[in-house]
2 protein chains.
Amino acid sequence: MALFVSTYINKVDRKGRVSVPAQFRAALNIPAQPVFVLYPSFTLSAIEGCNVDFLEKLADSTSTSFDLFSTEQEDINTLIFSVSHQLTCDPDGRVVLPEEIMAHANITEQAAFVGKGKTFQIWEPEALKAHTAAARARAMQNRPQISLRASPAAEEK
Amino acid sequence: MALFVSTYINKVDRKGRVSVPAQFRAALNIPAQPVFVLYPSFTLSAIEGCNVDFLEKLADSTSTSFDLFSTEQEDINTLIFSVSHQLTCDPDGRVVLPEEIMAHANITEQAAFVGKGKTFQIWEPEALKAHTAAARARAMQNRPQISLRASPAAEEK
DNA sequence: TGATTTCCCATGATATCCCATATGAACCCG
DNA sequence: CGGGTTCATATGGGATATCATGGGAAATCA
């Protein structure tokens, strides 16, 4: 089962290639040629990444005959599948990030791969820092008793 | 399994030929000669596309659930099957789009192939832009939770 | 035979493959 | 315990393959 953990910052070379972290490639569990899907996050300046299985399941669930012609399903399909990209790692474990989603996440020189359990995200490293700080601030506000026990750097991964 | 994702804008040449995106041809998974079906959408100014399997399933589901909405099922049969065209890519991966459906979608110089999961659509690029913007507006306004659910990592606050 | 469609080849741009190198971690062995 | 070595990974660059596209030749049809 795919499990994406930890954060890796890799370089985007002149050709736009970036190494997918070896641990992530392993998590994609198609030994020879890891395949996955990327799409821009709806709510964040980041790229969402997931297994192909996930999108296939979604495709199944949104193409039953009765829903086929509903505006709602049509919109969901439009907003997800049309902006997704199916990618395959090259023999060295790299991929070329598609233009649009690189622009969406403001990625130019470096890409931060962030494990999210069953999925992962790709961030511009500075944007990731800001996002992480904001998330921490929210967590402290919502659960003050946790922040009291935690030392300032303890939740750093 | 066929999965159509991403959006590709290709040129319609003087003979009316268009390259079917290589990824879509692969998704049609009949390696030598990709076969698929096109029909005009009856709700949108677009062309609907799918592989033959999908249409066969649609035929099954519409004929077995005649007890509900029987006139609608009848209409669907009429509106889809009677106006469908089965096409085969030429050796270079191109097809000639039939007159009627090209007119239906107002396609002249460029054709945007849009992945929809198990199916795809073909749009005139400008019309596609407008449709996408409208779909996004509807999704945000009506059911924000749907778009959030659809994104595997988007439950992040 | 004339018109239309399909096939075949050429081309430029781009993406992919393959090899080489650098870095660092784990390992082995003296 | 230390030094060397092997391995996996990330990264760079040149060579090769793929793709979209244009145009001409062959085949098809009426």
Side-chain angles (χ1 to χ4, degrees), chain A residues 4-38 49 84-103 107-115 120 122-125 128, chain B residues 4-36 38 49 85-103 107-115 120 122-125 128:
Chain A
F4 303 97
V5 295
S6 191
T7 297
Y8 304 86
I9 297 182
N10 287 342
K11 195 179 175 194
V12 180
D13 72 12
R14 271 190 300 167
K15 299 182 182 178
R17 295 177 300 185
V18 77
S19 290
V20 176
Q23 294 232 0
F24 283 24
R25 300 202 301 266
L28 291 166
N29 75 10
I30 299 164
Q33 295 237 310
V35 178
F36 57 95
V37 173
L38 297 182
S84 292
H85 293 261
Q86 182 171 335
L87 301 180
T88 307
C89 289
D90 72 15
D92 299 327
R94 291 183 281 196
V95 293
V96 181
L97 299 179
E99 282 285 332
E100 314 101 71
I101 61 181
M102 256 181 70
I107 290 173
T108 54
E109 315 230 309
Q110 288 190 317
F113 289 75
V114 183
F120 61 94
I122 308 177
W123 287 80
E124 194 284 318
L128 174 61
Chain B
F4 300 98
V5 296
S6 192
T7 298
Y8 305 87
I9 297 181
N10 287 342
K11 198 179 175 193
V12 180
D13 71 11
R14 272 189 299 166
K15 300 180 183 179
R17 297 175 299 185
V18 193
S19 290
V20 177
Q23 292 238 10
F24 281 25
R25 300 202 300 266
L28 291 166
N29 74 11
I30 300 165
Q33 293 238 310
V35 177
F36 57 95
L38 297 182
H85 294 259
Q86 181 168 333
L87 301 179
T88 307
C89 289
D90 73 15
D92 298 328
R94 290 184 282 197
V95 293
V96 179
L97 300 178
E99 279 290 330
E100 316 102 71
I101 60 181
M102 251 180 77
I107 290 173
T108 54
E109 315 231 308
Q110 289 190 316
F113 288 76
V114 183
F120 61 94
I122 309 177
W123 286 79
E124 194 284 318
L128 173 62

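Per chain, numbering begins at 1; letters A, B, ... match sequence-line order. Worth saying up front: this structure is predicted, and the values here are computed from it rather than measured.
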Going by the rule ring-ring contact (aromatic ring centres under 6.0 Å, His included), which residues pair with A/F113 if we only count those two or more places apart in sequence or in a different chain? none
Mind checking what makes side-chain hydrogen bond (donor to acceptor under 3.5 Å, both in side chains) contact with A/Q110, not counting sequence neighbours? none
Side chain to side chain contact (heavy atoms under 4.5 Å, CB included) involving B/T108 - partner list, sequence neighbours excluded: none
Once you measure the plane-to-plane angle for A/Y8 and A/F24, does it fall in the parallel (<30°), tilted (30-60°) or perpendicular (>60°) bin? perpendicular
If only atom types and distance count, is the side chain of A/D90 paired as donor or acceptor with the main-chain N or O of A/D92 below 3.5 Å? yes
Using the side chain to side chain contact (heavy atoms under 4.5 Å, CB included) criterion, which residues pair with A/K15? Sequence neighbours excluded. A/D13, A/R17
Would you please name every residue forming a side chain to side chain contact (heavy atoms under 4.5 Å, CB included) with A/S84, sequence neighbours left out? A/V37, A/Y39, A/L55, A/I80, B/V5
Taking B/N10 for the side chain and B/V18 for the main chain, is one N or O donor matched with an acceptor at less than 3.5 Å? no
Report for the helix from C/dT1-D/dA30 to C/dG30-D/dC1: angle between first-end and last-end helix axes, five pairs each, rounded to 10 degrees. 50°
Pairs: protein N or O with nucleotides 10-12 of chain D N or O, under 3.5 Å:
unit_1: D/dA10; atom_1: OP1; unit_2: A/A22; atom_2: N; d: 3.4
unit_1: D/dA10; atom_1: OP2; unit_2: A/R25; atom_2: NH1; d: 3.1
unit_1: D/dT11; atom_1: OP1; unit_2: A/K11; atom_2: N; d: 3.3
unit_1: D/dT11; atom_1: OP2; unit_2: A/K11; atom_2: N; d: 3.4
unit_1: D/dG12; atom_1: OP1; unit_2: A/K11; atom_2: NZ; d: 2.3
unit_1: D/dG12; atom_1: N7; unit_2: A/R94; atom_2: NH1; d: 3.0
unit_1: D/dG12; atom_1: O6; unit_2: A/R94; atom_2: NH2; d: 2.8

What are the 5'-most and 3'-most nucleotides of DNA chain C lying under 4.0 Å from any heavy atom of chain A? C/dT16 to C/dC19
Take the protein atom CD of B/E109 and the nucleotide atom P of D/dG22, then report the distance between them rounded to whole Å. 10 Å
Not counting sequence neighbours, which residues clear side chain to side chain contact (heavy atoms under 4.5 Å, CB included) with A/E100? List them please. A/H85, A/P98
Partners meeting side-chain hydrogen bond (donor to acceptor under 3.5 Å, both in side chains) with B/T7 (sequence neighbours left out): none
